[in-house]
Amino acid sequence: MPELPEVETLARALRNSLIGRQIVRADVHWARAVITPSSSSAFADQVPGHRIRDVRRRGKWLMFALDGSKWLLIHLRMSGRLVVEEAEVPEDPHTRVLLHLDDGQQLRFSDPRKFGRMALVDDPEEILSGLGPDPLDPALTPRDLWEMLRGKRARLKPLLMDQRLLAGLGNIYADEALWEAGLHPLRRSDTLSEEEAERLHRAVRRVLEAAIARQGTTLPDRRYLLPDGRPGEFASHLAVYGREGKPCPRCGAEIVRVRLGGRSAHFCPRCQPE
DNA sequence: CAACCGACCTGTTCGC
DNA sequence: TGCGAACAGGTCGGTT
C-alpha cells in the first residue's frame, strides 16, 4: 500500500503527535511482525522506557529515533497501518503490535495481511544498508540518475521499483513518473539519453512532491488513511494507475495495462511510445 | 545480470 | 445469488 508519499505523510503526522512521548509498554500480538531482536519477547522487554525523539523516513521505512540511541523501524508493506488512539477506543481486529504511551494513548500497528515488519536496532544501517538514495534527496542529480540507469540494462518500470536503485517508488508512483516523463515502462534503462534521464528525474520528483502535497493516495478501498482517519487526496490526480481504458489526461488516448513481472503496469501508448 | 515465479497472508472484487 | 478465481499499494529467495 504505502509508498514514499504515504510514508512521508505518516512520518510528518506522527512527528507532531509522538515527539516527546515515552513508550511504557509493548504488546506483540503477532510475533513475526518483529524481525529484530529475533525474539519478539526481547523486543517487548526492550522497547519500554524509551522516549521518542524524532520520526523520520527513509524510502518506505518509518524511523523512530528513540533516546538511549535506539531506533524503531517500521515497514508497512502492503496492508500495514499506524494509528494513535486513546486506550478506550476498540482495537482493530488486525492489530499486530501495540505500543502504550505515557499520555494514555496507544500507537497501534495493524496489518491484515501480516506482511509488515518492525525492528528495534542500535544502528538503522543494520536494516537499511541495502537501500539506494532517496529520490527527493537534493544531492541526487539528474546526471547521477542517468549514470545509475546506464549501469543497468533492465526495463525502466521494474528498475524504478527496485529499492536498491532508488528507495521509495512502488507500483503507483513508478507508473505515474514514467507517464509524466513520457517514457515507456518496457524501455531499457541503458538506452536513455541524458535528456531523457533528466526528464525522468524531474518527473519522479514532481509526482512524489505533488502526492505528498495531497497527503498521499487513498484508493477506493480506503486502506491507506492518515493517523486521524482522513484519506489522502492524490487519487483523483492519478494519470494512469488504475485507469485502464480511460482517456490519457494529456492526449486522450486509452490507457493500457500490461502484466510485467507479475504486476500491473499502466501507461499511455501515445505519450509513452516504445 | 535480468526476468520470472512462488511464498508470505488476508480480504475484496471479478467473472461465470 | 453463489462460488471459486483473480487481484491487491511490497519484498525476498530461488530458478531459468
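Naming: A, B, ... by sequence-line order, numbering from 1 per chain. Heavy atoms only: backbone and side chains are in, while hydrogens, waters and symmetry mates are out.
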Peer 1: How would you list all residue pairs meeting side chain to side chain donor-acceptor pair (under 3.5 Å) that involve residues 5-20 of chain A, not counting sequence neighbours?
Peer 2: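 Every side chain to side chain donor-acceptor pair (under 3.5 Å) pair that includes a residue of residues 5-20 of chain A, provided the two are not neighbours, is Glu6(A)-Tyr173(A), Glu8(A)-Arg12(A), Glu8(A)-Arg57(A).
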Peer 1: Which donor-acceptor pairs under 3.5 Å do side chains of residues 84-92 of chain A form with protein atoms, sequence neighbours excluded?
Peer 2:
residue  : atom : partner  : partner atom : Å
Asp92(A) : OD1  : His94(A) : N            : 2.5

Peer 1: Identify each atom pair where a protein N or O and an N or O of nucleotides 11-13 of chain C are less than 3.5 Å apart, giving names and distance.
Peer 2:
residue : atom : partner  : partner atom : Å
dT11(C) : OP1  : His75(A) : NE2          : 2.8
dT11(C) : OP2  : Lys60(A) : NZ           : 2.7

Peer 1: Check each residue of residues 213-220 of chain A for a non-hydrogen atom within less than 4.0 Å of any atom in DNA chain C, then write out the ones that pass by number, or none.
Peer 2: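 By residue number: Thr217(A), Leu219(A).
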Peer 1: Going by atom type alone, with no hydrogens or angles, which donor-acceptor pairs under 3.5 Å involve a side-chain atom of residues 110-117 of chain A and a protein atom two or more places apart or on another chain?
Peer 2:
residue   : atom : partner   : partner atom : Å
Asp111(A) : OD1  : Ser79(A)  : OG           : 2.5
Asp111(A) : OD1  : Gly80(A)  : N            : 3.3
Asp111(A) : OD2  : Lys114(A) : N            : 3.4
Asp111(A) : OD2  : Phe115(A) : N            : 3.0
Asp111(A) : OD2  : Gly116(A) : N            : 2.7
Arg117(A) : NE   : Arg32(A)  : O            : 3.4
Arg117(A) : NH1  : Lys114(A) : O            : 3.0
Arg117(A) : NH1  : Phe115(A) : O            : 3.4

Peer 1: Considering only heavy atoms, which members of residues 112-131 of chain A lie under 4.0 Å from some atom of DNA chain B?
Peer 2: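 Result for residues 112-131 of chain A: Pro112(A), Arg113(A), Lys114(A), Phe115(A), sorted by number.
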Peer 1: Report the stems of DNA chain C as range-with-range entries sorted by first number; a stem here is at least three consecutive pairs, Watson-Crick or G-U wobble, both distances under 3.5 Å, and write none if there are none.
Peer 2: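 Output for stems: B:2-8 with C:10-16, B:10-16 with C:2-8.
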Peer 1: With the criterion being N/O to N/O and under 3.5 Å, what pairs connect the protein with nucleotides 14-16 of chain B, and how long is each?
Peer 2:
none

Peer 1: With a cut-off of 3.5 Å and sequence neighbours excluded, list every side-chain donor-acceptor pair involving residues 254-261 of chain A.
Peer 2:
residue   : atom : partner   : partner atom : Å
Arg257(A) : NE   : Glu244(A) : OE1          : 3.1
Arg257(A) : NH1  : Ser264(A) : OG           : 2.8
Arg259(A) : NH1  : Gly262(A) : O            : 2.5

Peer 1: Ignoring hydrogens and angles, write down the donor-acceptor pairs under 3.5 Å from the side chains of residues 144-152 of chain A, residues two or more places apart or on other chains.
Peer 2:
residue   : atom : partner   : partner atom : Å
Asp144(A) : OD1  : Thr141(A) : OG1          : 3.3
Asp144(A) : OD2  : Thr141(A) : N            : 2.9
Asp144(A) : OD2  : Thr141(A) : OG1          : 3.1
Trp146(A) : NE1  : Leu192(A) : O            : 3.0
Glu147(A) : OE2  : Arg143(A) : NE           : 3.3

Peer 1: Mind listing the N/O atom pairs, protein and nucleotides 1-7 of chain B, below 3.5 Å?
Peer 2:
residue : atom : partner   : partner atom : Å
dA2(B)  : OP1  : Arg153(A) : N            : 2.6
dC4(B)  : OP2  : Arg155(A) : NH2          : 2.6

Peer 1: Just to verify, what does Trp61(A) make a ring pair (Phe, Tyr, Trp, His ring centres under 6.0 Å) with, not counting sequence neighbours?
Peer 2: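 Scan of Trp61(A) (ring pair (Phe, Tyr, Trp, His ring centres under 6.0 Å), adjacent residues dropped) gives His75(A).
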